[in-house]
Engineer: 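My questions all concern the structure below.
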Amino acid sequence: MTTVLEVALRIVLVLGVFLVLPLLVGQTEHKAMAHMQSRLGPMYAGGFHGWAQLIADGVKFAQKEDIVPAGADRAVFKLAPAVALLPYLIVLVAIPVGPGLVAQDLDAGLFFVLAVMAVGVLGALMAGWASANKFSLLGGLRSAAQLMSYELPFLLAAASVAMAAGTLSLPAIVGAWQPWWLIWQLPGAVVFFVAGLAELQRPPFDMPVADSEIIFGAFTEYTGLRFALFLLAEYAGIVVLCALTTVLFLGGWHGPFADQLGWLWTLLKTMVLAFVVIWLRVSYPRLRADQLQRLAWQGLVPVALAQLALTGVVVVVT
Amino acid sequence: MPLLMPLLVAALLFSIGAYGVLVRRNAILVLMSVELMLNAVNLNLVAFDVWLRDALLSGQVFTLFVITIAAAEVGLGLAIVLLVFRNRETSQLDLLTELREEPSDPAGVGTAAR
Amino acid sequence: MSVVEVLFVLLGIVAVGSALLVVTTNQLVHAALWLVVCLGSVAGCYLLLSAEFVAWVQVLIYVGAVVVLLLFGLMLTRAPIGASTDLDAGLGQRAVAALTAGGLAGIVITALVDAFSGERIDLGGDVSTGSSASAGSALFRGWVLPFEVLSLLLLAALVGAIVLSRRDVGVEPEAADGGPT
Amino acid sequence: MRLPGAGLAKGLAVTMRTMTKRSVTDQYPDVKPELPPRSRGVIALLEENCTVCMLCARECPDWCIYIDSHKETIPAPEGGRERQRNVLDRFAIDFSLCMYCGICIEACPFDALFWSPEFEYAEFDIRNMTHEKERLGQWMSTVPPPPAVDGRAERPKELDAARKAMEKAAAPAAPPAAPVEAAE
């Protein structure tokens, strides 16, 4: 009975984190992006500096009409947002926050996380195809092409850490982490983060949803709550990617007073990375299709392979 | 767990895949049916591996190999299908008969006319 | 029946049902999506058989890569929304195929029941058989040579796919011949 | 030699520096914008100066000025003859058509039209964007005074002309001071 209660409690906790952190990232994005562009951003909703803007947005989305295009494949069209969102919710289960503070410690945790995140692609593809809109289809195809090419450096960089730690379990990887890994695994960390950004289709890798070319890519036809779910998936994706980078490359809960404040360190590092995601979005222009593929195949893959070789050599030598 | 459970599921999957390969005309659908058959084989391999408690884990390792080969097969297969589609504007297998021998002509009129 | 067995039966039914839909549906993209369901439930079967590592590889490679590639191919070959009439062969071939597949299922199942009825998989006790550690050591101790050969095969497939899909590879000599004139 | 990635770092530095500075946004409904006096907000009409010459309506590129008038005959003063005068009946500008080019103001030879920086005259109905002469007259109170002449600029010719005229008028009647004041 107690185990059932405990599992339920953990799941509720993960769900709460899942709902709160993306909102936090979204609000940070509103404000940080605005100030980087010398604007103020939302200032009215909720009174103090527009803190409730995203809640107001959510209410607005909920009130909007739920439109399904006449020529669309209704079932697939309606299912796509859920397919895009659920993987990130499931992934959070395996991410450790503090020493022993993880919803579910899996033996092949890293593998589980990467495998489930790969399923999220299907959401964009389904949405793109089922909308019966040529811009959606173009966006879906672009998503697929981009995700296929960035999956490889993403996995290779993750494999490097797993090799260094000698395990696939996420808490064990954090446990084995040493401060000097920051330098040793730096190329891998950069590759992982950049490839992850590209998988999330965040600017500057937002060619699949490039609004000046193909409106909003695969999500063009979506309205109301379904559209909000896609947006939530994007921000949940940022949280998951930043948390994963923290756990794999930045040493998770390591830091002063790790025994008591470990969870705080993880959250802090995650939020700093989320800020970097926003920062990159504001600073760089969108990459063209050929630049995107060149970065993946001529930039990230060789670096990831070199990192893998370096890790192998160091592990064997020490 | 009875060993028959996974084996029956695998046998059914394999037969369904075989049916798909025989019936489907679209090349990509045929590829999907082949994937079904490969999965049936994988399920068998894993089931026997667990049943035999193999020290070398040969069943599971072979499953990994098969999955890898399947990925390569789909990559190549799709490249071929796309190339055919680009040249012929179709991916229907039974329309791609250019290399077929002419059906035998009992009277010999057809060949004489040419 | 234990919980694991009930779950396995349910997953098996889902797998077989979605596989049937893959080969019978007349909507191209739906077939690919049903394939996702089928492959996912097979991954669940692996989990229940305590082959955890294989299960996640299945999800990663099949659902994350193979199906996405298939969907990509379907979209590039202009899969329409709604039913297509020309996906299946004629009635005669369908009947023969059903007969063949049914016969195959019958023979295989009879043989399996004859050979293995009553045998049980012992899932209790040692749970590390499918863990990543044991799979890794098996792969890199006992099966290193096949693994390396496989990597060579993958390389060949990679080169082959690139050669197939690049338009300028086969054309170059002709262009060089006709170039100077 | 430039380090690889220097450009990337520069981009990040720019955005970070901008973020630490105060933003330049004015929260408009709360803080009114400080508009320069020559802002083109709305066109005001000084009805007394208008002679219904129709130049503005004719020059307007998008034909958004509507003028109606009639002629009035002024009874002849003693020994003179009758004179005719245009009386303005309607002067309206349709601001839903106006493109704020200001050609009407330039064209007006009698200084009857002025720019006003007032811009808050949005309406719910496009028909209400046509401002009749009463409304256009009300805008006159918002027209800022003309800018002061630049310190070292040439003196405006109008002032010289006015002073000369005054001196000429004052010169012959210099000894008796009272009639000058009466004449003015």
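Every chain is numbered from 1 and lettered A, B, ... according to where its sequence line falls, protein lines coming before strand lines.
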Engineer: Please name the pair of heavy atoms, one in B:Ala72 and one in C:Leu154, separated by the smallest distance, quoted to 0.1 Å.
Structural biologist: CB-CD2, 3.6 Å
Engineer: Would you mind checking which part of B:Leu76 comes under 4.5 Å of any heavy atom in chain C, side chain (CB onward), backbone (N, CA, C, O), both or neither?
Structural biologist: both
Engineer: Looking at C:Cys45, C:Gly142, C:Ala98, which makes the most heavy-atom pairs under 4.5 Å with chain B?
Structural biologist: C:Ala98
Engineer: In terms of the angle between their ring planes, are C:Phe147 and B:Phe65 parallel, tilted or perpendicular, with boundaries placed at 30° and 60°?
Structural biologist: tilted
Engineer: Could you tell me which portion of C:Leu164 (side chain, backbone, both or neither) has an atom closer than 4.5 angstrom to a non-hydrogen atom of chain B?
Structural biologist: both
Engineer: Who wins among C:Val4, C:Ile109, C:Leu99, C:Val96 for the most heavy-atom pairs under 4.5 Å with chain B?
Structural biologist: C:Ile109
Engineer: Do C:Phe8 and B:Val9 have side chains that approach each other closer than 4.5 Å (heavy atoms only, starting at C-beta)?
Structural biologist: yes
Engineer: Do the side chains of C:Leu76 and B:Leu78 get nearer than 4.5 Å, heavy atoms only?
Structural biologist: no
Engineer: Taking every non-hydrogen pair under 4.5 Å, which of B:Val74, B:Leu36, B:Val23 racks up the most with chain C?
Structural biologist: B:Val23
Engineer: Contact part of B:Leu82 toward chain C, heavy-atom cut-off under 4.5 Å: side chain, backbone, both or neither?
Structural biologist: side chain
Engineer: Quick check on the interface: out of C:Val66, C:Ile13, C:Val108, C:Leu158, who has the most heavy-atom pairs with chain B under 4.5 Å?
Structural biologist: C:Val66
Engineer: Please look at B:Ile80 and chain C and tell me whether the side chain, the backbone, both or neither of the residue comes under 4.5 angstrom of a heavy atom of that chain.
Structural biologist: both
Engineer: Distance from C:Ser41 atom OG to B:Leu13 atom CG, nearest 0.5 Å?
Structural biologist: 8.0 Å
Engineer: Between B:Val46 and C:Val54, is the side-chain contact (heavy atoms from CB on, under 4.5 Å) condition met? List the steps.
Structural biologist: CA-CA 9 Å; B:Val46 171; C:Val54 177; 4.3 Å; yes
Engineer: Any idea which heavy atoms bring C:Gln93 and B:Leu22 closest together, and the distance?
Structural biologist: NE2-O, 2.8 Å
Engineer: About how many Å separate SG of C:Cys38 and CG of B:Asn39, when rounded to the nearest 0.5 Å?
Structural biologist: 6.5 Å
Engineer: Among C:Thr24, C:Val67, C:Leu48, C:Thr100, who wins on heavy-atom pairs under 4.5 Å with chain B?
Structural biologist: C:Thr24
Engineer: Could you check C:Leu35, C:Leu28, C:Val23 and say which one makes a side-chain contact (heavy atoms from CB on, under 4.5 Å) with B:Met32?
Structural biologist: C:Leu35
Engineer: Please identify, among B:Ala10, B:Ser58, B:Ala27, B:Gly17, the residue contributing the most non-hydrogen atom pairs under 4.5 Å to chain C.
Structural biologist: B:Ser58
Engineer: Out of C:Ile61, C:Leu11, C:Leu70, C:Val42, return the one with the most heavy atom pairs under 4.5 angstrom to chain B.
Structural biologist: C:Leu70
Engineer: Heavy atoms only: give me the nearest C:Tyr46-B:Thr63 pair and the separation to one decimal.
Structural biologist: OH-CG2, 4.2 Å
Engineer: Identify the heavy atoms of B:Tyr19 and C:Arg94 that sit nearest to each other, and give their distance.
Structural biologist: OH-CG, 3.4 Å
Engineer: Which region of B:Thr68, side chain (C-beta onward) or backbone (N, CA, C, O), has a non-hydrogen atom less than 4.5 Å from a non-hydrogen atom of chain C, or is it both or neither?
Structural biologist: both
Engineer: Enter the distance from B:Asn42:CG to C:Tyr62:OH here, rounded to the nearest 0.5 Å.
Structural biologist: 5.5 Å
Engineer: Under 4.5 Å heavy-atom distance to chain B, tell me which part of C:Ala32 shows up: side chain, backbone, both or neither.
Structural biologist: both
Engineer: For C:Val9 and B:Met5, work out which heavy atoms get closest and say how close.
Structural biologist: CG2-CE, 3.6 Å
Engineer: Counting only heavy atoms closer than 4.5 Å, note whether B:Leu83 contacts chain C via side chain, backbone, both or neither.
Structural biologist: side chain
Engineer: Looking only at heavy atoms, which two atoms of B:Ser15 and C:Ala105 are closest? And how far apart?
Structural biologist: OG-CB, 3.1 Å
Engineer: side-chain contact (heavy atoms from CB on, under 4.5 Å) between B:Leu64 and C:Val57: does it pass, once the steps are laid out?
Structural biologist: CA-CA 8 Å; B:Leu64 295 179; C:Val57 171; 3.8 Å; yes
Engineer: Would you compute the distance between atom CD of B:Glu73 and atom CG of C:Leu153 and round it to the nearest 0.5 angstrom?
Structural biologist: 11.0 Å
Engineer: Atom CD1 of B:Ile16 and atom CG of C:Leu104: how far apart are they, to the nearest 0.5 Å?
Structural biologist: 11.0 Å
Engineer: Report which part of C:Leu150 has an atom under 4.5 Å of a heavy atom belonging to chain B: side chain, backbone, both, or neither.
Structural biologist: side chain
Engineer: To the closest 0.5 Å, what do you measure between CG (B:Leu43) and CD (C:Gln58)?
Structural biologist: 9.0 Å
Engineer: For B:Leu7, is it the side chain, the backbone, both or neither that has a heavy atom under 4.5 Å from a heavy atom of chain C?
Structural biologist: both
